Amino acid sequence: MSAVICGTGSYAPAYQMNNDEIAKLVETNDAWIRERTGIRQRHIAKTETTTYMAAQAAGRALENAGISPEEIELIIVATLSSDVILPCTACEVQREIGAKRAACFDMNAACSGFTLAYNMADAFFEAGQYQTALIVAAEKLSGLTDWTDRNTCILFGDGAGAAVLKKGKGRHYFSVTHSDGEKGWALTCKNRLAVTGKEPLSREYFIDMNGQEIFKFAVRKVPELIREILRENNVEQEEITWFVVHQANCRILESVAKHLGEPSWKFPMNLQHYGNTSSASIPILLDEMNRQGKLKKGDRILIAGFGAGLTWSGNILDWEM
Ligand code: COA
């Protein structure tokens, strides 16, 4: 009785920024960025807001699912980069798409956001409260990026992804989520200090990251997470068709695949075109795979997110479209 995805959508801003353009802002170069991260370009919102991107992705997901906005009972938006503090982005999306019946709220679990939104919607279904949900992950990270910091500005991009979920009739899978607040310092953004107006604008207002610490965390914890999800659900690793993992860095994905003894093609990747879009990376990739016809009915997909907090979270879903 796990949640099933019955429609996907995504949106990426029109403006595409390649590595050569970043090399005009900070001391770096295309070859270094490609070799260390796999990223060639990212979409950057020049005019688009987080709400706009979220609503576009949501509208496309509804269209793909073939259902009307009034059928949606729950909207969860995962974001760390909402345009405003209030109202929440989920309520803005509700207004934009006309999902009048939906209960709406935002959640911030950084790059694990989409996975946690999926787990939360699934839990509401299990509790018998809702049967149809829209989960959206939308990020405008460019607004939180210090464009003079080559440690971070090479990595991030903007975009949104969405999925329409329905309570399924098939098997129920158990989610796994872990957090380690002790390591929160490794990836921070203190932007809300700006609201107090007391502090001068400094680097800590932007995303600040210890890249090596995050890299070590990801290559250690993601294989552990995947093994735990499989164990909890009595699923063999070879039963998984696709491992759809947060798109942070190609070296992280390759390392996780190697740790698990899987070929890299089972870890699809589109970060070369988008950079790291935080919570939005998994649904953007799912939407791309869906629209390219790569996902077949009966495919078993393991989703896994990881990021600031620190947080790491995943689940298994059967593809039924
Ligand atoms: N361009 C060119 N050179 C750079 C550079 C850049 N953008 N950033 C760092 N360098 C240099 C460093 O100064 C250093 O030079 P040195 O050897 O002469 O001292 C060298 O490259 C290596 O630096 P290092 O910081 O060790 O790089 P790295 O291999 O750890 O790669 C990251 C940096 C950020 C790409 C990598 O740590 C990473 O991907 N971490 C995970 C980040 C992530 O995924 N975050 C989001 C998680 S949700």
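As the structure lists them, so they are numbered: ligands from 1, and atoms in each ligand from 1. Position 1 is the first residue of the sequence; numbering continues from there. Keep in mind it's a predicted model, so treat the numbers as computed, not measured.
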The atoms of ligand 1 lying under 4.0 Å from a heavy atom of I154, numbered in the order shown, are 7 (N)

Checking Q56, R60, E48 against Y11 for side-chain hydrogen bond (donor to acceptor under 3.5 Å, both in side chains), the one that qualifies is E48

Taking the six-membered ring of F243 (Phe, Tyr or Trp), confirm whether the NZ or CZ of K266 is under 6.0 Å from its centre and within 45° of its axis.
no

Q: Using only heavy-atom distances, determine whether the side chains of E71 and T132 contain a donor-acceptor pair under 3.5 Å.
A: no

Report task. For atom 18 (O) of ligand 1, state whether the nearest protein heavy atom is under 4.0 Å away. Result -> no

Near T37 (heavy-atom distance under 4.0 Å), the atoms of ligand 1 are 35 (C)

Atom 8 (N) of ligand 1 sits nearest the protein heavy atom W32 CH2, 3.3 Å

Note to self: Within the protein, is there a heavy atom lying under 4.0 Å from atom 11 (C) of ligand 1?
What the structure shows: yes

Quiz question: by atom type and distance under 3.5 Å, do the side chains of S175 and N315 form a donor-acceptor pair? no

Consider every N or O of G211 and every N or O of ligand 1, then say whether any pair is closer than 3.5 Å. yes

The protein heavy atom nearest to atom 46 (C) of ligand 1 is N276 ND2, 3.4 Å

Residues A257 and P263: closest non-hydrogen pair is CB-O, 4.5 Å

Do any N/O atoms on N249 end up under 3.5 angstrom from N/O atoms on ligand 1? yes

For C111, the atoms of ligand 1 under 4.0 Å from one of its heavy atoms are 48 (S)

- Could any protein non-hydrogen atom be found less than 4.0 Å from atom 32 (C) of ligand 1? no

Looking only at heavy atoms, the pair that brings A103 and Y130 closest together is CB-OH, 3.5 Å

Discussion item. Quiz question for you: does at least one protein heavy atom lie closer than 4.0 Å to atom 28 (P) of ligand 1?
Written reply: yes

Filtering Q212, E213, R251, K216 for the heavy atom nearest atom 26 (O) of ligand 1 leaves Q212

Honestly, for N29 the part within reach of ligand 1 (heavy atoms, under 4.0 Å) is neither

Would one find an N or O of R36, backbone or side chain, under 3.5 Å from an N or O of ligand 1?
yes

| request: Decide whether an N or O pair under 3.5 Å exists between T28 and ligand 1. | output: yes

Original post:
Are L302 and L271 co-members of a hydrophobic cluster defined by side-chain heavy atoms under 4.5 Å apart?
Top reply: yes

Test D20 against K24 for salt bridge (Lys or Arg N to Asp or Glu O under 4.0 Å), laying out the working first. CA-CA 7 Å; D20 291 334; K24 289 181 194 152; over 6 Å; no

Checklist entry - Tell me, do P13 and M53 make a side-chain contact under 4.5 Å, heavy atoms counted? => result yes

Item to complete: Report yes if some N/O of N151 lies less than 3.5 Å from some N/O of ligand 1; otherwise report no.
Response: no

Can you see whether D30 engages N18 through a side-chain donor-acceptor pair at a distance of less than 3.5 angstrom?
no

Does atom 21 (O) of ligand 1 have a protein heavy-atom neighbour under 4.0 Å away? yes

For A248, the ligand 1 atoms with a heavy-atom partner under 4.0 Å come out as 44 (O)

TODO: Using the rule that two of Ile, Leu, Val, Met, Phe, Trp, Tyr join whenever any of their side-chain heavy atoms come within less than 4.5 Å, decide whether M269 and F156 are in one cluster.
DONE: yes

CG of L165 to CD1 of I135, rounded to nearest 0.5 Å, is 4.0 Å

Closest to atom 43 (C) of ligand 1 among protein heavy atoms sits I214 CG2, 3.8 Å

Discussion item. Salt bridge (Lys or Arg N to Asp or Glu O under 4.0 Å) for K221 and E224? Distances and angles first, verdict last.
Written reply: CA-CA 5 Å; K221 289 296 180 191; E224 279 178 25; 3.4 Å; yes

min-distance protein heavy atom vs atom 45 (N) of ligand 1 -> M209 SD, 3.2 Å

Taking N or O atoms only and a 3.5 Å limit, does R150 qualify as a polar contact for ligand 1? yes

**Prompt:** Hey, is the main chain of I226 close enough, under 3.5 Å, to the side chain of Q237 for a donor-acceptor pair?
**Reply:** no

Here the atoms of ligand 1 under 4.0 Å from any heavy atom belonging to F306 are 48 (S)

Near H246 (heavy-atom distance under 4.0 Å), the atoms of ligand 1 are 48 (S)

